[in-house]
Amino acid sequence: DVKVTQSSRYLVKRTGEKVFLECVQDMDHENMFWYRQDPGLGLRLIYFSYDVKMKEKGDIPEGYSVSREKKERFSLILESASTNQTSMYLCASSVVGPLNTEAFFGQGTRLTVV
Amino acid sequence: RKEVEQDPGPFNVPEGATVAFNCTYSNSASQSFFWYRQDCRKEPKLLMSVYSSGNEDGRFTAQLNRASQYISLLIRDSKLSDSATYLCVVPRGFKTIFGAGTRLFVKA
């Protein structure tokens with residue numbers, strides 16, 4: 001059974017704090033993604049990684065950074081949390097193939113910045 | 001123009017009804033398309049893939065119209081359990097672009 005696990009379901013942080021969101025997948029997938037989901041805006045890609053130590057900016061990378069030191073783990077870092085980063089954060093992974101393949105998601109982390 | 005656009009709905013339909021959603025995309029080079037389903041407070045999960053003109057799986061039919069650059073999802077004989085948000089997905093290179101989703105409520 002495929003699995004993508006995010007470290008927290010709910011998180012409350014203070015403005016200015018450094019926040020780490022962790023994601024682990026057990027499927028040996030090359031691709032990993034971080035999205036945020038907000039009402040009316042859908043899922044927006046923050047960063048993705050197609051290999052260890054490789055990362056690419058998505059559509060809304062400002063205020064975020066990522067780390068992929070091991071194939072199975074992809075971390076999202078909020079350098080200095082702000083209230084406009086309150087959102088649902090979803091991690092996903094997929095395998096590289098000739099056609100884009102199914103993405104498997106973690107259960108999501110609902111982050112509130114106060 | 002957004003890369004992937006969906007009518008947000010909500011679509012309110014009675015049990016047993018047939019309902020269809022459309023999704024338009026802007027990248028004419030896209031080769032594969034997906035519909036995901038997301039239940040309230042849950043993660044998205046793959047519903048159907050569309051690589052050619054269409055795909056059918058039970059009560060669900062996905063069709064692709066390349067000339068007009070849209071994909072559609074048809075649900076026949078709607079069930080209460082079909083109530084969810086349906087996300088249209090169009091990959092772009094390594095990126096996966098999601099539409100904002102269409103909300104469906106099926107009522108008894």
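Chain A is the first sequence line, chain B the second, and so forth, proteins listed ahead of strands; every chain is numbered from 1.
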Query raised in the report: Hey, are A:Ser94 and A:Glu102 close enough side-chain-wise for a donor-acceptor pair under 3.5 Å?
Result: no
Query raised in the report: If we ignore angles and hydrogens, is there a donor and acceptor under 3.5 Å between the side chains of A:Ser75 and A:Glu22?
Result: yes
Query raised in the report: Non-hydrogen atoms of chain A under 4.5 Å away: do they reach the side chain of B:Pro8, the backbone, both or neither?
Result: neither
Report task. Indicate yes or no: does A:Glu72 engage A:Lys3 in a salt bridge with an N to O separation below 4.0 Å. Result -> no
Query raised in the report: What are the residues of residues 98-108 of chain B, in order of number, with any heavy atom under 4.5 angstrom from a heavy atom of chain A?
Result: B:Phe98, B:Gly99, B:Ala100
Check whether [X] gets within reach of chain B through its side chain, its backbone, both or neither, counting any heavy atom under 4.5 Å.
{"X": "A:Arg110", "value": "side chain"}
{"X": "A:Gln37", "value": "side chain"}
{"X": "A:Leu41", "value": "backbone"}

Requested in this report: Without swapping roles, check the side chain of B:Asn55 against the backbone of B:Ala62 for a donor-acceptor pair under 3.5 Å.
Outcome: no
Report summary line: Scored by heavy-atom pairs under 4.5 Å with chain A, the best of B:Gln38, B:Lys42, B:Gln6 is B:Gln38
Query raised in the report: Among B:Glu43, B:Arg41, B:Lys45, which has the most heavy-atom pairs under 4.5 Å with chain A?
Result: B:Glu43
Quick one: pull up [atom1] in [X] and [atom2] in [Y] and give me the separation to the nearest 0.5 Å.
{"X": "A:Phe20", "Y": "A:Ser7", "atom1": "CZ", "atom2": "OG", "answer": "11.0 Å"}
{"X": "A:Ser87", "Y": "A:Ile60", "atom1": "OG", "atom2": "CD1", "answer": "7.5 Å"}
{"X": "B:Leu73", "Y": "B:Arg37", "atom1": "CG", "atom2": "CZ", "answer": "11.0 Å"}

Query - Which residues share a ring pair (Phe, Tyr, Trp, His ring centres under 6.0 Å) with B:Tyr86, sequence neighbours left out - result: B:Phe21
Query raised in the report: Mind checking whether A:Phe74 and A:Trp34 have parallel, tilted or perpendicular rings, split at 30° and 60°?
Result: tilted
